[in-house]
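Just so we're on the same page: letters track the sequence lines, and every chain starts at 1. Basis for what follows: all heavy atoms, side chains included, without hydrogens, waters or symmetry-related copies.
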There are 2 protein chains.
Amino acid sequence: MSVQERKQRERAERERLIVATARELAEQQGWDAVTTRRLAERIEYSQPVLYSHFRGKREIIGAVALEGAAEMAAALRAATSAADGPRTRVTALARTYLDFAERNPAVYDAMFQLDGGLAFAHEDTPEPLKDAFAALLECLGEVAGDGVHPGLFTEVFWAAVHGLVTLTRAGRLPPGDTGLRVELLVDRLAKI
Amino acid sequence: MSVQERKQRERAERERLIVATARELAEQQGWDAVTTRRLAERIEYSQPVLYSHFRGKREIIGAVALEGAAEMAAALRAATSAADGPRTRVTALARTYLDFAERNPAVYDAMFQLDGGLAFAHEDTPEPLKDAFAALLECLGEVAGDGVHPGLFTEVFWAAVHGLVTLTRAGRLPPGDTGLRVELLVDRLAKI
DNA sequence: GACGTGACCCTAGCATCGCTAGACAAGCGA
DNA sequence: TCGCTTGTCTAGCGATGCTAGGGTCACGTC
């Protein structure tokens with residue numbers, strides 16, 4: 001039994017190594033540089049090993065996305081619980097979200113830009129993704145305003161922040177005034 | 001002289017054919033299906049011909065994006081000029097934007113999702129892109145509210161709508177309540 | 001009207017991509 | 001010690017974006 005257990009442990013460890021290496025490589029050189037050959041070389045195994053852990057490259061991206069979602073949820077909760085007063089909380093939430101996206105661009109891409117083969121907005125959505133949305137909802141639900149469904153409000157707020165992230169990072173918006181934009185967004189959207 | 005002119009005309013015509021075919025193929029089967037081989041086959045020329053018109057695939061995507069930007073600007077102006085009253089105008093603007101993205105997903109991707117090698121938010125930004133932003137600004141500037149820079153307000157509003165588009169199309173938001181979301185967005189963001 | 005020249009286009013190929021088949025070795029249980 | 005399962009690697013497939021080189025056709029000139 002213990003032999004099998006050791007093998008399972010080693011397999012799990014290698015799987016973590018694959019995901020971590022993919023993420024590292026993506027953050028360093030972009031997702032285009034994350035080829036199965038390069039990834040295999042970095043983990044010091046041959047290509048087919050990757051396919052014994054994941055169905056394909058998509059699934060590796062998906063694994064990075066899930067890891068990122070868990071981290072983001074934790075970061076958002078940490079930020080909101082450290083702030084008191086709805087307004088401070090919402091501002092902290094938005095800033096933390098943008099900050100996470102800026103510091104982990106490749107992970108953010110894996111979550112929302114690339115196809116990681118993940119299901120969203122269904123009952124079979126992976127837990128970390130639902131939890132990240134829940135983290136948003138916990139904070140934003142209390143400032144939705146009367147007669148506005150908290151979920152709907154959260155979706156709209158999320159979309160707005162997400163739009164800021166993607167347009168800024170793609171060079172579509174000048175990067176300087178992000179702070180002002182967030183301020184305006186919170187001011188107008190949240191009913192405080 | 002007339003011979004050269006004819007050749008130039010034919011070249012320009014073929015360039016239009018390339019862009020139109022790329023767009024058509026992308027709308028039919030997605031950008032992944034737009035390979036240089038398939039594209040060459042559809043226009044009934046060999047691959048290298050593409051490279052005598054464009055530096056590479058990126059530039060073809062960029063050309064589709066520019067075409068789309070011009071169309072979008074026209075659509076937005078048509079919608080806003082047909083509506084009277086700031087509120088109706090802004091709502092019409094947002095709806096038209098979302099409608100354009102929904103009807104031309106591949107073109108929208110070329111504009112904002114893919115790398116078309118285009119410069120944004122610089123002085124060397126291509127004219128159609130600046131003009132599309134101007135079309136937004138014309139309508140949104142009048143509802144920015146006191147003390148808020150119209151450009152900044154337009155950026156935020158644009159980001160919000162863009163976020164709705166991308167998250168909805170990527171399956172991150174349930175597609176049913178788009179109308180409600182737009183309503184909420186206009187209600188809260190615009191100072192009417 | 002024949003000819004040299006230049007523009008134009010196509011065939012063929014390169015390196016790289018994601019992914020897989022099949023051979024081979026290592027380590028387990030009997 | 002032997003047979004077998006499990007696991008890994010080498011080699012290769014089709015497809016990608018892109019390019020080099022040769023060949024053909026039509027033009028302008030004498």
Of the listed nucleotides dC17(C), dA21(C), dT19(D), the one nearest the side chain of Pro48(B):
dT19(D)
Whole angstroms only, please: what is the CZ-P distance between Phe54(B) and dG17(D)?
15 Å
Distance in angstrom units between Arg38(A) CZ and dC19(C) P, rounded
15 Å
Considering only dG12(D), dG17(D), dC8(C), which nucleotide approaches the side chain of Lys7(B) most closely?
dC8(C)
When you match Tyr51(A) and Arg14(B) each to their closest nucleotide on DNA chain C, which lands nearer the 5' end?
Arg14(B)
Using only side-chain N and O atoms of Thr36(A), determine if any of them is under 4.0 Å from OP1 or OP2 of dG18(C).
yes
Please determine if Arg16(B) and Glu13(B) form a salt bridge, counting it only when a charged side-chain N lies under 4.0 Å from a carboxylate O.
yes
The answer to which of Gln47(A) and Arg55(B) contacts DNA chain D further toward the 5' end, by nearest nucleotide, is Gln47(A)
Is Arg188(B) salt-bridged to Asp187(A), going by a charged N under 4.0 Å from an acidic O?
no
Under a 4.0 Å N-O cut-off, is there an ion pair linking Lys130(B) with Asp124(B)?
no
If I take atom CD1 in residue Ile43(B) and atom P in nucleotide dC9(C), what distance separates them, rounded to the nearest angstrom?
10 Å
With nearest nucleotides of DNA chain C determined for Arg58(A) and Arg11(B) from heavy-atom distances, which residue corresponds to the more 5′ nucleotide?
Arg11(B)
Of the non-hydrogen atoms in Ala69(B) and Met111(B), which two are nearest, and what is the gap between them?
CA-CE, 3.6 Å
Using atom OH of Tyr45(B) as one end and atom P of dC8(C) as the other, report the distance to the nearest whole Å.
12 Å
Whole angstrom is fine here: how far is it from CD in Glu41(B) over to P in dT11(C)?
12 Å
Among the nucleotides dC18(D), dT16(D), dA11(D), which one has an atom lying closest to any side-chain atom of Thr35(B)?
dT16(D)
Which listed nucleotide (dT10(D), dC10(C), dC8(C)) is nearest to the side chain of Ser46(A)?
dT10(D)
